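One structure is given below, encoded as structure tokens.
Labels below follow one simple rule: chain letters A, B, ... track the order of the sequence lines, proteins then strands, and each chain is numbered from 1. Please read these numbers as outputs of a predicted model, since none were measured by experiment.
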2 protein chains.
Amino acid sequence: MEVHQLRYFCAVAETGSFSRAAEQSHISQPSLSQQILKLEDELGARLFDRLGRSVRLTELGKTFLPRACAVLRELEAAKGDVVEGKEFIGGSITVGVIPTVAPYLLPPRLTTFSRKFSQVRLTVVEEITPVLLDRLRSGTIDVAILALPIRGREFDAFPLLTERLFAALPKKHKLNSRPSLSLKDLRAEPFLLLRDGHCFRDTAVAACDRARLHPQIVFESGQFSSLLSMVGAGMGVSIVPEMAIEKKSQCRYVRIADDQAVRTIGAIVLRGRSLTRAHRAFLSHLREA
Amino acid sequence: MEVHQLRYFCAVAETGSFSRAAEQSHISQPSLSQQILKLEDELGARLFDRLGRSVRLTELGKTFLPRACAVLRELEAAKGDVVEGKEFIGGSITVGVIPTVAPYLLPPRLTTFSRKFSQVRLTVVEEITPVLLDRLRSGTIDVAILALPIRGREFDAFPLLTERLFAALPKKHKLNSRPSLSLKDLRAEPFLLLRDGHCFRDTAVAACDRARLHPQIVFESGQFSSLLSMVGAGMGVSIVPEMAIEKKSQCRYVRIADDQAVRTIGAIVLRGRSLTRAHRAFLSHLREA
DNA sequence: AACTTCCATAGGCTATGCCTATCCATCGTA
DNA sequence: TACGATGGATAGGCATAGCCTATGGAAGTT
């Protein structure tokens, strides 16, 4: 039983004539005849009485007609749903962010996005990178915003911005006046760093490694604001990305003059996943803003 | 969008794998792949995300799945309806009868039929032959019971019985003692006949014509019982079919010795009309009884 | 009786769905 | 890192099935 057979059947039922139905269906009368015959064959019963003059539904045809119509209606509805679904910018997006980005980059962009696409329900979760990657794989988040690069070809990445790293120094530190400094200059300083698991800790440690620096770590925290408070209190120095700089804190910030002392923030999605219009809108909004 | 594509789509959604779905659908994996691709192409969007390991429905696929299932369900329902409808001996039959048969032949057979096939709703209408033919054509009755033959190849006929004609005579008529008589013997008698339009009038008149008899008609009625009452009252003679003989009436009946003085009762249906099982059961019941 | 109308049949062509073989990417494992 | 296993996509060939035109045959019309 094929869709076109049902179409032809309904056309004949509607017009009361094979010829008319064929015309309406844009096929030749014999072709339509064949398909009706075939349908009747499969059902094992006649659907029409062929009287000399006209054609009339049999009892069975009468019971079959609404069924056939229902199938065609359902089909149209299905197609319509898809088209609509494609046009529609809405639905929900769940975005995951690493903690060292969450407070700085996202809030303003989320509000402008939500204003622009009020149909889209945004959910944000804050997790460290490996958790985000797992959640991308399992589909519990759609997009992750984190530090690039991510190894492997498992994800598609969209870089958003690259920021320099800064040394955070106590207010009265002797290096404060310098426009920039090398990490080597911090050799003697006690360090405050993010806790293990935070990718920016790795970024900072990598930068130190390149400078042959093996810092003594005197404090660890899960968030920059704690580190900066401690730095302001004179416990030591730290390394922070540009976006973490708090103007009104007790710290001073000096740019680190190392071309590799940067971090790149980007959005990634699971490679091969099809993106809804909402997803795409979100990604391009992130890039524009 | 074809039915088999929807089937494959549902199979993939169910099994979460093209290969598994292909196996379940008894086709090769490439064939299934092709059809899914084609479906996606027509819809203009991906229905599945092909991740390395497994396959997952896209947002669009998720909305499409229940639709596709609905179509398939409707289709099954339609098919089921037809099969059921074929098995079922029921529904309704409307049968038309001419007035000169209605009171005699039908009642006993209808009751036995209704007892046997209690699911079938029987309706009877009493009309003269041309009206019955029209109603067969228009489909407002399914079967007509009337005097054969019917001219033309417009109908299919099922002869039921052939009955002799009898002369109905007043109780004290001189011809009463004869075992049979010729119409010529009635040359002198005043005649009572059915009204014009009743086919049996034509049958009787034709018989008279063959006997070179041009009867003087003194009474006309639409039913035999009126004629017979009048005959009993001595108004004249009449011609009646065997089934119209009323044993307890004031008349005497003498067989007419003319091989052509018969009438054949039969059932007819519109040629080319498909008959339901109920129709066929009714026709064969008429013949058996 | 010729003509028209309408559905069915016949024969040929093309498109399409299915097949096997193969490719390519991913994933698990030595 | 390299290799084999798994799973989907691609390529090419074949058979079916739907469509076409031409024709047949029955019924109704002029």
Open item on the list: Would you compute the distance between atom NZ of A:Lys38 and atom CD of A:Glu2 and round it to the nearest 0.5 angstrom?
Closed with: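 One gets 8.0 Å once the value is rounded to the nearest 0.5 Å.
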Open item on the list: Using 0.5 Å steps for rounding, measure from the OG1 atom of B:Thr140 to the CD atom of B:Glu127.
Closed with: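 Interatomic distance, B:Thr140 OG1 to B:Glu127 CD, rounded to 0.5 Å: 9.0 Å.
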TODO: Have a look at A:Val124 and tell me which of A:Ile93, A:Leu106, A:Thr94, A:Ile141 forms a side chain to side chain contact (heavy atoms under 4.5 Å, CB included) with it.
DONE: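 So the option named by the test is A:Leu106.
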Task: Contact summary for A:Ala144 and A:Leu136, nearest pair of heavy atoms - done: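 That closest heavy-atom pairing would be CB-CD1, 3.8 Å.
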Open item on the list: Just so I know, are the side chains of B:Leu283 and B:Leu275 near enough to count as touching, which here means a heavy-atom distance under 4.5 Å?
Closed with: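 Yes - at least one pair of side-chain heavy atoms lies under 4.5 Å apart.
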Open item on the list: At less than 4.0 Å, is any side-chain N or O atom of B:Ser33 found next to OP1 or OP2 of D:dG8? Yes or no.
Closed with: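 For D:dG8, OP1/OP2 do not have a side-chain N/O of B:Ser33 under 4.0 Å.
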Quickly work out the [X] [atom1] to [N] [atom2] distance and round it to whole Å.
{"X": "B:Leu37", "N": "C:dG17", "atom1": "CG", "atom2": "P", "value": "12 Å"}
{"X": "B:Arg50", "N": "C:dC27", "atom1": "CZ", "atom2": "P", "value": "16 Å"}
{"X": "B:Asp49", "N": "C:dT26", "atom1": "CG", "atom2": "C1'", "value": "16 Å"}
{"X": "B:Leu51", "N": "C:dC24", "atom1": "CG", "atom2": "C1'", "value": "16 Å"}
{"X": "B:Ile36", "N": "C:dC18", "atom1": "CD1", "atom2": "P", "value": "11 Å"}

Open item on the list: What does the B/S/- profile of nucleotides 18-30 of chain D look like, 5' to 3', with a 4.0 Å heavy-atom cutoff to protein?
Closed with: SBBBB----SSS-
Open item on the list: Between A:Arg263 and A:Thr100, is there a side-chain donor-acceptor contact under 3.5 Å, judged purely by atom types and distance?
Closed with: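 Judged by distance alone, the side chains do pair up.
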Open item on the list: Give the residues of residues 12-23 of chain B touching DNA chain D, defined as any heavy atom closer than 4.0 Å, sorted by residue number.
Closed with: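 Nucleic-acid contacts, sorted: B:Ser17, B:Phe18, B:Ser19.
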Task: Presence of salt bridge, B:Glu76 and B:Arg73, under 4.0 angstrom - done: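 No, B:Arg73 and B:Glu76 are not salt-bridged.
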- [ ] Please work out which of the three classes, parallel, tilted or perpendicular, describes the rings of B:Phe9 and B:Phe48, given edges at 30° and 60°.
- [x]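 Because their plane-to-plane angle lies in the 30° to 60° range, the rings of B:Phe48 and B:Phe9 count as tilted.
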